[in-house]
Every structure is written in structure tokens, then in C-alpha cells.
Amino acid sequence: MKIIVFGSINMDLTAYVPKLPLPGETLLGSSYITVPGGKGNNQAVASARLGAQVQFVGRVGDDIFGKQVLQIVAAENVDVSQVAIDTEKGTGLAVISVDDNAENSIAVISGANWALNGQDVARAEKCLDGASALLLQLEVPLEASMQTAAIAQKKGVKVIFDPAPAVALPEKAYQVVDFITPNETETEILVGIRPTNEQDAAQAASILHSRGVKNVIIKMGAKGVYFDTADQKGFVKPFKVKSIDSVAAGDAFNAGLAVAISEGKSVQEAVRWGAAAGALATTKKGALPAMPYRSELLQLINEQQ
Ligand code: RIB
């Protein structure tokens, strides 16, 4: 099973603080880590750890962060041969705070990620032959992602789109993706409803369907996941874990979903894989280091049937 990720790659500078700082407030934190992140990169590494063959299409700068990140990601069995080195922009950087309740806030300096263009789409097109799924997010230019999505659909590759960080989307974006997976805040930006329960999520999903996307999966963190797809609809309860850091939980979710869909599992089972992967990601610090392995995911699913 081959999964292609077209997306962002960052270096994350994550500070652990008792609470998220208010505007103008200075807080004393307890520690920090510098680890690879970026929504695309996290989804790529998680997919590989969950058992997929993964090719990543993206851009880093010609700088020390770019070199470090690529070395670490390549060691995770992700094929980074299609990551271009951009000589004009620096590697993407995320400045993250995580509080004692595992909540986070993130500021991203996109750098080379925002330079993805038709050349990157052309490289992705070659990779898509024989792939089972394409994973997309919104930390690279929408136009390039949507061009890649349209090519993937023509080749019969399932397009799984994480609209994060969310922006209002043009109608055509909904028509070139097979799955859309917003969380609560992203759902509110897309449709004007912040889902807090299954009923709200169902209402939001029907609006997203009316825009042309067949499969809607709404991630509600600790409240669970609502799914409304061509084959099945329903609700998956959250897995119980001890959360310490929610960074990249949504990315792990999409990787779990993509791997399960690629393996031919039902939508309900694939959503459970996503939910388990997302939950496991919250039990460890950082983005890339917290991405779950297949053995951990299978164990959690077996323990909490
Ligand atoms: O989803 C988490 C990711 O968002 C972090 O790794 C950070 O780089 C930002 O892109």
C-alpha cells in the first residue's frame, strides 16, 4: 500500500507552559523541545509507522533545519526524494505552546512550504501511479493541493483532505476530494457551526455534503468522531488515554484513517483507526516523536473494543 503526502514540513519549537499565555502576558515554562513537525510531515511519518509505504512531496529551505528534518524523516522510512530544496525560502517553522491540560496554540512561519507550485504538482503526479491514498492539508498553497487532488482522482487514488489550518474554501475544492476531516474549529470556519455533539456535527456534515464532498468526518477531540459517508454514518467514541500534549493528534488521525482505508477496512473501522492514532499521539510530547506505531494502535483498539 503506497500513500502519497503532498504538504508541509516544519521544524517545531515547542514550549511547555502551565497555561497558554494571554495577549501581552509573559509566562515561565518548564521545558522546550525542538523536533520535526508540519502537518504533512506528521501525516507522512504516522502513515509509515502504521505500516504504509510513504512518499512525501514538499519543500524545505537550504538551511540547517531543512537538513535536520529530512535526515530524521528519512530514518522513519519516508521516501523524501521528492522533497525539493528551495534556495529562496527558509524551512517552515512552528512556534508552539502546550499547557498543563495538553492544549496547544501554534504560530507557523510557512517559508518554503508556501512556495509549492506546479513543479511540485508534476513530481506528485509521477508518485501517484499505483498509490492508494493522497493526504492533503492547508499549510501549502491551496491551488497546488487542488491540482494534485484532481490528478489523484483521475488515477483512482482516494484523496483525504485535512482542512487545517482552516480557511473558507472555494466550491471546487470540495469536488476534488473524497474525504474531508475538519475538527471543531475548522468545521466552524467552513460552515459556521461549531459542533459540540452528534446533532451539531450531523448538521455541519450535511452542509459539507451539499458542497460536493461525499465523505465527511468531523473530529471532535475528546468528544469523539462523527462520520457521514456514502456507505455509513455514525459516531465513534473517544479512546481513553492519559493525554499530555495534543500537538499533531489530528495529523495522526488522518494517517490512521488513510492506512485503514488503503487496507480496505470499512469506514467505521477506519474512523476507529484514526481515533486510536489521534488518542495515542496525545500521550507523548511533540509532533513527529508522538506519532504512533502500528503495534501500539492495534493494542489500544483490542483493549478498548
Ligand atoms: O498539526 C501539528 C503541526 O501543526 C505541528 O507539527 C506544526 O508544525 C504545525 O504545522
Side-chain angles (χ1 to χ4, degrees), residues 1-12 35-60 66 68-85 91-92 112-113 116 120-137 139-140 144-145 148-149 151-152 155-162 164 177-179 181 248-265 270 273-274 276-278 280-281 286-298:
M1 156 214 1
K2 181 168 83 163
I3 291 180
I4 308 303
V5 182
F6 185 87
S8 59
I9 188 161
N10 293 334
M11 186 60 97
D12 288 0
V35 293
K39 295 183 195 303
N41 181 33
N42 300 334
Q43 294 186 10
V45 170
S47 299
R49 287 186 176 184
L50 293 174
Q53 181 198 338
V54 182
Q55 268 188 306
F56 188 79
V57 182
R59 275 181 185 252
V60 293
Q68 288 174 345
V69 168
L70 286 188
Q71 199 179 6
I72 294 169
V73 176
E76 293 284 344
N77 291 322
V78 172
D79 178 350
V80 294
S81 61
Q82 300 309 317
V83 176
I85 311 292
T91 300
N113 295 310
L116 259 73
D120 305 282
V121 176
R123 290 203 315 285
E125 179 165 11
K126 292 198 185 114
C127 301
L128 282 165
D129 286 328
S132 50
L134 168 69
L135 290 173
L136 299 172
Q137 321 77 35
E139 285 185 328
V140 301
S145 293
T148 309
I151 295 167
K155 291 179 188 266
V157 179
K158 290 260 179 300
V159 180
I160 301 177
F161 176 44
D162 192 6
V177 304
D178 296 289
F179 289 83
T181 63
D251 303 329
F253 181 102
N254 279 47
L257 180 76
V259 170
I261 297 276
S262 297
E263 291 182 0
K265 297 190 170 27
W273 270 55
L280 285 166
L288 184 149
M291 295 299 96
Y293 289 92
R294 189 177 180 99
S295 56
E296 297 173 296
L297 181 141
L298 294 176

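With rounding to the nearest 0.5 angstrom, the CZ atom of R123 is 11.0 Å from the CD atom of Q55. Atom CE of M1 and atom CG of L50 lie 9.0 Å apart (nearest 0.5 Å). Residue I4 holds its CD1 atom at 11.0 Å from CG of L136, rounded to the nearest 0.5 Å. Put simply, CG on N42 and CD on Q137 are 9.0 Å apart, with the number rounded to the nearest 0.5 Å. In this structure, CD1 on I3 lies 13.5 Å from SG on C127, to the nearest 0.5 angstrom. Summarising the geometry, atom CG belonging to L70 is positioned 7.5 Å from atom OG1 belonging to T91; distances are rounded to the nearest 0.5 Å.
A 4.5 Å side-chain heavy-atom check between I160 and N254 finds at least one atom pair inside the cut-off. Taking the side chain as every heavy atom from C-beta outward, T148 and L128 approach each other to under 4.5 Å. The shortest side-chain heavy-atom distance between V259 and K265 does not fall under the 4.5 Å cut-off. The side-chain heavy atoms of N10 and E139, taken from C-beta on, include a pair separated by under 4.5 Å. Within the 4.5 Å cutoff, no side-chain heavy atoms of Y293 are placed close to those of L280.
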Exercise for the section: List the steps and the verdict of side-chain contact (heavy atoms from CB on, under 4.5 Å) for R294 and W273. Expected result: CA-CA 10 Å; R294 189 177 180 99; W273 270 55; 3.7 Å; yes
Problem - CA sep, side-chain torsions, deciding dist, call: K39, D162, salt bridge (Lys or Arg N to Asp or Glu O under 4.0 Å) - result: CA-CA 9 Å; K39 295 183 195 303; D162 192 6; over 6 Å; no
Handout entry: Criterion side-chain contact (heavy atoms from CB on, under 4.5 Å) on V45 and F56, from CA distance to verdict
Key = CA-CA 9 Å; V45 170; F56 188 79; over 6 Å; no
Handout entry: Derivation and outcome, side-chain contact (heavy atoms from CB on, under 4.5 Å), residues V73 and V78
Key = CA-CA 6 Å; V73 176; V78 172; 3.7 Å; yes
Exercise for the section: Mind running side-chain contact (heavy atoms from CB on, under 4.5 Å) on D12 and L288 for me, showing each step along the way? Expected result: CA-CA 9 Å; D12 288 0; L288 184 149; over 6 Å; no
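The two atoms that bring A252 and A46 nearest to each other are CA-CB, 4.3 Å, heavy atoms only. Between A48 and V54, the shortest heavy-atom contact is N-CG2, 3.5 Å. For the pair V57 and D120, the tightest heavy-atom approach, listed with the atom from each and the gap, is CG1-O, 3.6 Å. Residues A144 and L116 come closest through the heavy atom pair CB-O, 4.1 Å. Heavy atoms only, all atoms of each residue included: A287 and M291 are closest at O-CE, 3.4 Å. Between A258 and L135, the closest heavy-atom pair is CB-CD2, 3.7 Å.
Judged by distance alone, the side chain of K2 and the main-chain N or O of D129 form a donor-acceptor pair under 3.5 Å. In terms of modelled atom types and a separation under 3.5 Å, the side chain of S8 and the main chain of V140 share no donor-acceptor contact.
Each salt bridge (charged side-chain N to carboxylate O under 4.0 Å, His left out) pair with one or both residues in residues 42-54, not counting sequence neighbours, appears once here: R49-E76.
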